[in-house]
Amino acid sequence: MANPTAAMLVIGDEILSGRTRDANMHHLAGQLTEIGINLAEVRVVGDVPEVIISAVRALAQQYDTVFTSGGIGPTHDDITADCMAQAFEQTIDVRADARALLQAHYDKSGVEMNAARLRMARIPADAALIENPVSAAPGFTIRNVHVLAGVPSVFQAMVASILPTLTGGAPLISKSHAIYRGEGDIAGPLGALAQANPELSIGSYPFQRDGRYGANVVIRGQDAAAVDAAIAEIAAVFP
């Protein structure tokens, strides 16, 4: 039985401009792999409402689970929550449950709950809140879409809150074998191995070390015995 699938929508002009390096995709991919959910697609979009809405609708229809990151802070360009409400035809306003979480956090910190901070309590009507133990401002789940913060520490904390609620499949086993030959030399045997093992994912990733060229062959699959057998086969051809 095939593993569940997931997609990620990274939102923010700062990612596309190169001002900010996205670390969240790497973290999410690793976490999902461990519980047997295949991260099948990642899209990066700017702060353009119609683009965000179109992208999340398409991904939600195609994949079992969607994660978004970015755009749920207190500033004017944090538009993700409004876009999610529009994408799923829901109303959005300051919700009492979200406001209470923020109020308790700011009261404890001695910080004023101003209009900007209150924006982070604007949640679509039917969404379920996602806990944020780092800075209190919640994420939310709307249908099969989990809407998370872009700040890596907060994103990771929210992912940790969500993972126990997801149904995974068989974790992906991954093993590699380094070959000090050019990819042109190993392409034929690798192609034959891939054809004989369609259930496995077989990739070749070139490198240069100490003036020598080679490639790491990475074999992934759900059956550990099949992965081991494939690694052994390629190692026998290219010790």
* Backbone N/O of Tyr63 and side chain of Asn144: donor-acceptor pair under 3.5 Å -> yes
* To do: Measure the spacing between CZ of Arg220 and CG of Asn38 and express it to the nearest 0.5 Å.
  => 11.5 Å
* Take Val45 and Leu16, measure what side-chain contact (heavy atoms from CB on, under 4.5 Å) needs, and give me the verdict at the end. => CA-CA 7 Å; Val45 297; Leu16 289 171; 5.6 Å; no
* Asked: If you measure from CE on Met25 to CG on Leu39, what distance do you get to the nearest 0.5 Å?
  -> 8.0 Å
* To do: For Asp185, check salt bridge (charged side-chain N to carboxylate O under 4.0 Å, His left out) against everything at least two apart and list the hits.
  => Arg181
* **Chi angles and distances behind the side-chain contact (heavy atoms from CB on, under 4.5 Å) call for Leu166, His146** => CA-CA 11 Å; Leu166 302 179; His146 304 292; 3.8 Å; yes
* Side-chain heavy atoms of Leu190 within contact of Ile234, under 4.5 Å -> yes
* **Enclosure of Gln195 CD (heavy-atom neighbours >12, cutoff 6.0 Å)** => no
* Asked: For the residue pair Ile92 and Pro124, what are the closest heavy atoms and their distance?
  -> CG1-N, 3.8 Å
* If you round to the nearest 0.5 Å, how far is OG of Ser153 from CG of Asn132? -> 8.5 Å
* Asked: Asp107 side chain to Ala104 main-chain N or O, any donor-acceptor pair under 3.5 Å?
  -> no
* Going by the side-chain contact (heavy atoms from CB on, under 4.5 Å) test, name the single residue among Asn24, Leu59, Leu28 that passes it with Phe67. => Leu28
* **Any donor-acceptor pair under 3.5 Å from Asn114 side chain to Ala116 backbone** => yes
* Asked: Out of curiosity, does Ile231 fall in the hydrophobic cluster containing Tyr180 (side-chain heavy atoms, cut-off under 4.5 Å, transitive links)?
  -> no
* Asked: Counting heavy atoms not belonging to Gln208, are there more than 12 under 6.0 Å from its CD?
  -> yes
* **Beyond-backbone contact of Phe88 with Val145, side-chain heavy atoms, under 4.5 angstrom** => yes
* To do: Mark yes or no for whether Ser54, through its side chain, and Val51, through its backbone, hold a donor-acceptor pair below 3.5 Å.
  => no
* Structure fact -> Looking only at heavy atoms, the pair that brings Leu163 and Gln31 closest together is CD1-OE1, 3.3 Å
* Asked: Is it true that Ile142 and Ile53 fall in one hydrophobic cluster, defined by side-chain heavy atoms closer than 4.5 Å?
  -> no
* **Cluster check Val134, Met158: I/L/V/M/F/W/Y, side chain < 4.5 angstrom** => yes
* Measure from the side-chain N and O atoms of Asn216 to the backbone N and O of Tyr205, and report whether any donor-acceptor pair falls under 3.5 Å. => no
* Asked: For Gly70, does its backbone N or O pair with a side-chain atom of Thr80 as donor and acceptor, under 3.5 Å?
  -> yes
* Are there more than 12 heavy atoms of other residues, nucleotides or ligands under 6.0 Å from atom OH of Tyr213? -> no
* Asked: From Ile179 CD1 over to Ile186 CD1, what is the distance, rounded to the nearest 0.5 angstrom?
  -> 4.5 Å
* Give a yes or no on whether Phe155 and Val42 share a hydrophobic cluster (residues Ile, Leu, Val, Met, Phe, Trp, Tyr; joining criterion: side-chain heavy atoms under 4.5 Å apart). => yes
* Structure fact -> Exactly one of Thr141, Ile130, Ile72 clears side-chain contact (heavy atoms from CB on, under 4.5 Å) with Leu148, and that residue is Ile130
* Check whether any side-chain heavy atom of Pro4 lies under 4.5 Å from a side-chain heavy atom of Thr65, and answer yes or no. => no
* Give a yes or no answer on whether the side chain of Thr33 reaches the backbone of Ala29 with a donor-acceptor pair at less than 3.5 Å. => yes
* Structure fact -> Tightest non-hydrogen contact, residues Glu112 and Arg117, listed as O-NH1, 2.8 Å
* Rounded to the nearest 0.5 Å, how far apart are CG of Asp223 and CG of Leu200? -> 8.0 Å
* To the nearest 0.5 Å, tell me how far Thr68 OG1 sits from Ile52 CD1. => 9.0 Å
* Thr5 backbone acceptor or donor facing Asp64 side chain under 3.5 Å -> yes
* So which heavy atom on Arg43 is nearest to which on Ala55, and how close? -> NH1-CA, 4.0 Å
* To do: Might you point out which heavy atoms bring Pro138 and Met120 nearest each other, and give the distance in Å?
  => CD-O, 4.1 Å
* same_hphob_cluster(Leu172, Ile219) at 4.5 Å side-chain heavy-atom cutoff -> no
* Asked: Does CD in Glu199 sit with more than 12 non-hydrogen atoms of other residues, nucleotides or ligands closer than 6.0 Å?
  -> yes
* **Main-chain N/O of Met113 paired to Gln103 side chain as donor or acceptor, under 3.5 Å** => no
* **side chain to side chain donor-acceptor pair (under 3.5 Å) partners for Arg95, two or more places apart** => Asp97
* Nearest heavy-atom neighbours spanning Ser69 and Ala149 -> CB-O, 3.8 Å
